[in-house]
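All remarks here apply to the structure that follows.
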There are 4 protein chains.
Amino acid sequence: MSVNKVILIGNVGQDPEVKHLDKDVTVARFPLATSESYTAKNGEKVTATEWHNIVVWRGLAKVVEQYVHKGDKLYLEGRIRTRSWDDKDGNKRYTTEINVDNMEMLTPKGQSTGAQQTSAPSNQQAASVSEPDFSSSDEDDLPF
Amino acid sequence: MSVNKVILIGNVGQDPEVKHLDKDVTVARFPLATSESYTAKNGEKVTATEWHNIVVWRGLAKVVEQYVHKGDKLYLEGRIRTRSWDDKDGNKRYTTEINVDNMEMLTPKGQSTGAQQTSAPSNQQAASVSEPDFSSSDEDDLPF
Amino acid sequence: MSVNKVILIGNVGQDPEVKHLDKDVTVARFPLATSESYTAKNGEKVTATEWHNIVVWRGLAKVVEQYVHKGDKLYLEGRIRTRSWDDKDGNKRYTTEINVDNMEMLTPKGQSTGAQQTSAPSNQQAASVSEPDFSSSDEDDLPF
Amino acid sequence: MSVNKVILIGNVGQDPEVKHLDKDVTVARFPLATSESYTAKNGEKVTATEWHNIVVWRGLAKVVEQYVHKGDKLYLEGRIRTRSWDDKDGNKRYTTEINVDNMEMLTPKGQSTGAQQTSAPSNQQAASVSEPDFSSSDEDDLPF
DNA sequence: TTTT
DNA sequence: TTTT
């Protein structure tokens, strides 16, 4: 009796962080920017950027791991989920994420414009697939 | 070149808070619940409820003021917007809201189930329209 | 690299026609009305109704068979599909349908307003489930 | 009390046909392809293409006229509308169209791949804007 | 009739 | 922190 659906088209802000949990479960996280342009009261053109915390699970996370890079444009379909956690001062805090159900790559293959990609050698894609050091990231304790 | 679209169907958790700002601008805020049922690993049926911070501006806010009550089921279309603010400890905090562009009432007229409504006298709708004390609420300093 | 998504909220125009094909595949079809109101140039208020040919397959078709009746309000998510066929004059003709992927019932249980339902005896739901005569309908040759 | 919403991402099949009606009203029409790939029962990979009749009015039609070309990838948001008309044999026939409310160009500027574009001289975009012969097209009598 |  |  209810619907919680998000549709985003935007640009990947950072290469995804991918974690391989036990039981062969993979999760990928990355920021996605959407932006809106409008004319302010003073006539100035303004671009407002919105950052979304994207979370992708299981099979789709493996697709992210292999093919999604900083700068890519993506179509995402998912659900809003707000998680709560306690910060160091004992305050309840909230983080809103987008849990992805469906994804389409809108950047044509070989046209990624992310810094890492363009500076990478010709075998960069394979390199990015193995991306060895995310699992040892010391950000593991952060809630997002 | 980007899209930020949310579609929700859910139930209003509290009667909307409506403020009349200067220049005849109205803003309405209320929580909306969506829920998902799934079967947990142990076979138990679980219902997870997600609460969304809904924000409605201008003409649509006046519709909310007149017709939307606790318990009503709504279809909403809007955009995700995360605002940042500084809490009392000087930490940056974030609140994610849904800014509504389009709304449809799914509760048939006269069938609202909210507690306030059902206990209200027959002129309750007019009463709720004038709703006198929100603007003097001491919650004005809170970011939502 | 492409998206074909439809979101409808509307009312069921006729009780669904349900067919049980071989291999335990079920398909349900029914018309759904959406309507838009607008003010014409002459100041008159006009309501335009749009009829959609809804098609539901497999497990979801069984849900339709059991729970969906004329008059019910539904949320549907699906894809547009246009089928072509040859009419009796040998002309190519086209029928556009909505293939449903996801459905939510928006009419509260026991509040259906369809004529058949309200006039039906207390066991009408079971009756509608077995709905014996659709498969022998002479409309079988029509493309919808 | 109803919703009729379509979201498409696909490729433009032909350069848009643009007509300037009286009262400065512009309408643009073009076919858009979406495609789905799946594995058939025999293990073969199949791509099914769906063609949508896109209709864009007024200001957005002028954007189409200037910027949209065969081959371009677009995000479109709109409504389903089925029109009826009488064919030469006096039969009622139906055409389903997508009336566009919102559009985003997904092909980066200068990267169109449509045949007409790549073979056009460097001033082809201005040329396509004036596109002189559509209004005298003898297809005017056709319903789409 | 488009794209991958 | 992305893109145009």
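Below, chain A is the first sequence line, B the second, and so on; all start at residue 1.
When the P atom of dT2(E) is taken as reference, atom NZ of K70(D) falls 5 Å away, rounded to whole Å. For the pair F30(D) CZ and dT2(E) P, the computed distance is 15 Å after rounding to whole Å. The CE atom of M1(C) sits 12 Å away from the C1' atom of dT2(E) (whole-angstrom rounding). The nearest whole Å value for the distance from the CE atom in M105(A) to the P atom in dT3(F) is 14 Å. The distance from atom OH of Y75(A) to atom P of dT4(E) is 19 Å, rounded to the nearest whole Å. Rounded to an integer number of Å, the gap from CG of D15(D) to P of dT3(E) is 11 Å. One interatomic measurement links the two molecules: NZ of K73(A) to P of dT2(F), which rounds to 14 Å at whole-angstrom precision. One can place CG of L106(D) at 13 Å from C1' of dT4(F), the figure rounded to the nearest angstrom.
Scored by the side chain to side chain contact (heavy atoms under 4.5 Å, CB included) test, W57(C) finds L21(C), V25(C), V27(C), V55(C), N99(C) as partners (sequence neighbours excluded). E104(A) pairs by the salt bridge (charged side-chain N to carboxylate O under 4.0 Å, His left out) definition with nothing, not counting sequence neighbours. Residues that satisfy the side chain to side chain donor-acceptor pair (under 3.5 Å) test with D86(A), not counting sequence neighbours, are absent from this structure. By the side chain to side chain donor-acceptor pair (under 3.5 Å) test, S35(D) pairs with no residue at all, sequence neighbours left out. The side chain to side chain donor-acceptor pair (under 3.5 Å) search around Q14(D) returns none, not counting sequence neighbours.
With centres under 5.5 Å and a plane angle under 30° as the test, the ring of W51(D) is not stacked against the base of dT2(E).
Closest to the side chain of N11(D), out of dT4(F), dT2(E), dT3(F), is dT2(E).
Counting only distance, with no hydrogens or angles, the side chain of N4(C) and the backbone of I80(C) share a donor-acceptor pair below 3.5 Å. A donor-acceptor pair is defined here as one N or O able to donate and one able to accept, closer than 3.5 Å; such a pair exists between the side chain of T107(D) and the backbone of K73(D).
A heavy atom closer than 4.0 Å to some atom of DNA chain E occurs in no member of residues 34-47 of chain A.
For S2(B) against dT3(F), a side-chain-to-base donor-acceptor contact under 3.5 Å is absent.
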